[in-house]
> 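Dropping a structure here in structure tokens format, bear with me for questions.
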Amino acid sequence: MGHRPPGGTPGLSPILVDGVHEGSNRTADILCSFLQVPAATSSVTFGVYQDAALSYELESPPGEIQSDVVFREGQTLGGHVTYTPRLIAMDLKGSLRTLRQEGRLYDGEDTSAVTWEGGFMMHKESPPKKNSFLEDLDRLDEEILAEVDFSSNSQLQHSGKKTPSAPLPEASHQPASGAVSVETVNSRLTRVQKSYRLEGSVKVWSDFLRIHLHPRTISVIQQYNHDGEAHRLEAFGQGESLLKGALLEELEDKLHFFVEECDYLQGFQLLCDMADGFAGLGSKVTELLQDSYGGRGVLTWGVCPVSRPDSSPLKNLYHLLNCTLGVVHMAAHSSLLCPLTLRGGLGRQPRPPPEFPHLSYDPSLWYHSSAVLALALDALTVPYRLRNNSVPLWQMADSLASGGRTVAAAYGAVPFPMMHGSGLPDALSACAEALPWKPLSACPEAGGGRRYGQWVTLRGLESQGLGSCLPAGIEPPTPLHRLCCGEDVLTAYMSSFYPSSPLALQLVATPSKVTPPFPQIFSSSLSSQGFLQSEAPPPGVPTVSVPVMASLQSGPALEPWLAELHRAASAIDVRRLAPSFLSQGPEMIDYQEALEQLHLLARRYRDDSSGVMRSSSDEEEDD
């Protein structure tokens with residue numbers, strides 16, 4: 001999650017409230033949440049992008065992305081200004097490793113000591129060793145904090161003013177005259193350009209956490225272990241039964257804390273693992289949000305790993321059942337649900353993961369697959385994070401969920417293939433036969449050119465031409481080369497595939513930053529800015545940013561995808577093959593009702609031969 005500013009760093013949480021209120025100086029906030037790996041891994045990587053994109057240069061103009069949508073400013077009792085993600089994260093015992101649950105941001109504020117006069121026995125256990133990236137991060141933190149303290153004390157002691165220990169991001173707050181500009185971890189990481197190979201050392205998401213988190217962010221579920229054979233959160237019913245008592249009170253307290261400080265609450269963004277018991281917990285969380293904050297958007301991203309290291313036939317069966325129940329329940333209680341996975345399907349025999357032409361990644365590594373998904377998520381969430389002309393989260397979700405179609409599919413070109421020095425018409429003309437993106441929801445695109453709704457974001461072309469720049473008298477080689485505006489070029493291109501479908505576009509100049517600890521998975525044919533080039537760059541020159549094109553869409557392709565999930569789950573005799581799955585719920589009658597709801601949900605996406613889109617009321621009449 002990006003770099004650490006002195007005294008604190010932006011972060012991300014499982015539940016997100018975000019947005020910018022159009023025509024107002026208020027920020028429309030989003031509260032984020034992630035529930036377990038791999039959702040935590042994708043969320044952390046997404047946070048890395050947000051943090052890496054922050055600018056702490058006091059003279060720099062505001063950027064295109066409004067960071068306050070997902071980050072919050074705070075202050076410690078010692079007067080240090082902090083900037084952390086508006087995030088609530090839930091994970092299992094043993095998932096934090098070297099990360100302290102309360103973080104380090106507010107160290108030293110609780111000076112009370114607990115005394116004990118009786119006897120005691122000491123048990124000493126060696127802490128997990130930090131990898132090279134975390135060690136460097138701690139060292140840079142200490143160096144910069146020492147420089148800030150020295151600079152602040154020496155230059156401001158006569159002014160009578162108290163200056164925050166961390167410059168605030170993107171010049172969204174104007175500093176007082178005389179404020180000290182300090183270097184940040186981000187700027188040093190960018191300057192040093194050290195390459196980290198963390199594939200062998202990343203065990204959990206905190207092994208590459210680049211930002212500080214607020215003390216109220218993390219909740220640890222003590223009843224279940226992150227790894228090992230015993231006390232595993234494997235079934236939907238286990239997760240459903242968790243959200244009660246102390247854990248429910250803790251979640252509600254954290255929700256109130258983050259929500260009450262929002263200028264304007266746009267909604268919630270939830271990243272949840274759908275392959276294990278967190279599918280049940282996520283379903284209860286979305287139900288709680290719907291009941292407690294009706295009218296606010298709830299955008300849920302259901303994350304599934306490509307594979308698990310401890311896979312077995314029974315666990316693969318659990319995976320299918322958890323995904324099935326998770327889709328049904330989270331779609332019912334969310335404004336919109338979008339599965340996110342590089343797995344070829346949610347069934348027990350999925351297709352191979354998608355191949356990205358300019359990536360060399362191992363989809364079985366969560367560290368790699370989460371990086372790809374987070375790059376796409378960074379683009380997919382742009383519409384409600386823009387500083388100007390943003391669209392509220394709930395409005396974006398509602399535009400895709402008409403007629404009860406509350407499941408959407410994501411697609412992404414990671415990175416977007418574009419030659420260095422060329423224009424957007426050239427890049428899109430090279431993809432005239434097929435769209436450049438790959439499925440990110442295990443849902444292949446269907447032919448026919450019909451979509452019920454679609455949002456497309458293209459970001460990262462700040463140094464490239466968006467319109468045609470042909471000299472006078474040169475005949476345009478394609479219709480796209482006749483257009484001078486980037487939005488017109490992209491609209492014409494998308495309309496050639498979907499001529500009569502609703503379409504919303506966002507063009508953002510700034511790219512996605514992929515500075516450490518982002519894995520080195522990019523092709524050698526890419527420049528440092530992520531553009532294709534005819535000659536490979538010199539050895540040792542890393543890719544530090546990339547252009548990305550992503551789409552979130554609702555269309556007939558989801559009908560066979562949901563129907564396939566329904567058929568696979570219906571073919572299983574749960575009481576015979578997996579009787580323990582139902583031991584903590586749901587009841588068999590509830591499970592069968594969920595299958596029926598999935599069947600009806602699939603039918604809502606059906607497009608008959610005349611091209612008339614069917615609504616939920618039409619389906620009910622058919623039944």
> Verify, without hydrogens or angle tests, whether R387 (side chain) and G63 (backbone) share a donor-acceptor contact under 3.5 angstrom.
yes

> For Y293 and F268, take the angle between the two ring planes, folded into 0 to 90°, and tell me which bin it lands in: parallel under 30, tilted 30 to 60, perpendicular over 60.
tilted

> Kindly indicate whether the side chain of S219, heavy atoms from C-beta on, has any atom under 4.5 Å from the side chain of L251.
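With C-beta onward as the side chain, the pair stays apart.
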
> Go through the structure and list residues passing side-chain contact (heavy atoms from CB on, under 4.5 Å) with A332, not counting sequence neighbours.
none

> Hey, mind stepping through T300 and L336 against side chain to side chain contact (heavy atoms under 4.5 Å, CB included) and telling me if it holds?
CA-CA 6 Å; T300 302; L336 190 71; over 6 Å; no

> Donor-acceptor pair, K284 side chain versus E240 backbone, under 3.5 Å?
no

> Can you tell if the side chain of Q223 reaches within under 4.5 Å of the side chain of Q238, non-hydrogen atoms only?
no

> Can you tell me how far apart CG (L288) and OG (S283) are? Round to the nearest 0.5 Å.
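Reported value, rounded in 0.5 Å steps: 12.5 Å.
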
> Are any of the side-chain heavy atoms of P517 and Y196 separated by less than 4.5 Å?
no

> With no hydrogens and no angle check, do the side chains of S399 and W455 hold a donor and an acceptor under 3.5 Å apart?
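W455 and S399 do have a side-chain donor-acceptor pair below 3.5 Å.
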
> Rounded at 0.5 Å granularity, tell me how far CG in L340 sits from CE in M274.
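If we round to the nearest 0.5 Å, L340:CG and M274:CE are 9.0 Å apart.
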
> Once rounded to the nearest 0.5 Å, what's the spacing between atom OH of Y384 and atom CD of Q395?
13.5 Å

> Taking side-chain contact (heavy atoms from CB on, under 4.5 Å) as the definition, give me every residue that meets it alongside V328, ordered by chain and number, with sequence neighbours left out.
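By the side-chain contact (heavy atoms from CB on, under 4.5 Å) rule, V328 matches A594, Q597, L598.
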
> Side chain to side chain contact (heavy atoms under 4.5 Å, CB included), that's the test. Do L255 and S292 meet it? Break it down for me.
CA-CA 10 Å; L255 281 170; S292 302; over 6 Å; no

> With no hydrogens and no angle check, is any side-chain donor or acceptor of S206 less than 3.5 Å from a backbone partner on L96?
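Checked: pair present.
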
> Return yes if some donor-acceptor pair links the side-chain N/O of T406 with the main-chain N/O of A331 below 3.5 Å, else return no.
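Such a contact is found between T406 side chain and A331 backbone.
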
> Using every non-hydrogen atom in the two residues, find where L198 and S132 come nearest and quote the distance to one decimal.
CD2-OG, 4.2 Å

> Test W561 against S441 for side chain to side chain donor-acceptor pair (under 3.5 Å), laying out the working first.
CA-CA 10 Å; W561 182 84; S441 300; over 6 Å; no

> Kindly compute the distance separating CD (Q506) from CG (L380), expressed to the nearest 0.5 Å.
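It comes to 12.0 Å.
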
> Quick check: do P339 and V407 have side-chain heavy atoms less than 4.5 Å from each other?
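Yes; the side chains approach each other to less than 4.5 Å.
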
> Apply side chain to side chain contact (heavy atoms under 4.5 Å, CB included) to the pair V81 and E73, showing each step before the final yes or no.
CA-CA 7 Å; V81 173; E73 179 186 342; 3.9 Å; yes

> Check whether any side-chain heavy atom of E135 lies under 4.5 Å from a side-chain heavy atom of K129, and answer yes or no.
yes

> Are the side chain of D398 and the backbone of S335 linked by a donor-acceptor contact shorter than 3.5 Å?
no

> Do V70 and T381 touch side chain to side chain, with heavy atoms closer than 4.5 Å?
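Answer no - side chains too far apart.
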
> With a 3.5 Å cut-off and no angle check, do the side chains of N316 and S311 form a donor-acceptor pair?
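Yes.
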
> Taking H319 for its side chain and K315 for its backbone only, find out whether a donor-acceptor pair lies under 3.5 Å.
no

> Roughly how far apart are L248 CG and L243 CG, rounded to 0.5 Å?
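Atom-to-atom, L248:CG and L243:CG are 5.0 Å apart.
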
> Hey, does the side chain of R459 reach the backbone of A550 with a donor-acceptor pair shorter than 3.5 angstrom?
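Not at all, since once roles are kept as given, no pair shorter than 3.5 Å links the two residues.
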
> Answer yes or no: is there a side-chain heavy-atom contact under 4.5 Å between V372 and I521?
yes

> Roughly how far apart are W205 CH2 and Y367 OH, rounded to 0.5 Å?
15.5 Å

> Shortest non-hydrogen contact from S512 to L375?
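In terms of heavy atoms, the two residues are closest at CB-CD2, 3.5 Å.
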
> Examine distances only and state if a side-chain atom of D207 and a backbone atom of V204 form a donor-acceptor pair shorter than 3.5 Å.
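Yes, because the side chain of D207 sits within donor-acceptor range (under 3.5 Å) of the backbone of V204.
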
> Could you tell me which residues satisfy ring pair (Phe, Tyr, Trp, His ring centres under 6.0 Å) with H329, sequence neighbours excluded, listed by chain and number?
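Checked H329 against ring pair (Phe, Tyr, Trp, His ring centres under 6.0 Å); matches are F236.
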
> Under 4.0 Å between a Lys/Arg side-chain N and an Asp/Glu carboxylate O for R86 and D68?
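Salt bridge flag = no for D68 with R86.
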
> Please work out whether the ring planes of Y318 and F581 are parallel, tilted or perpendicular, with thresholds of 30° and 60°.
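Answer is perpendicular, since the angle exceeds 60°.
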
> Under 3.5 Å, is there a donor-acceptor pair between the side chain of H214 and the main chain of T84?
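Checked: no pair found.
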
> Is there a side-chain contact between W366 and V202, using heavy atoms and a 4.5 Å cut-off?
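SC-SC contact between W366 and V202 ruled out.
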
> Using modelled atom types only, decide if a donor and an acceptor are shared between the side chain of R72 and the backbone of Y83 within a distance under 3.5 Å.
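The answer is no, because no donor-acceptor pair under 3.5 Å joins these two groups.
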
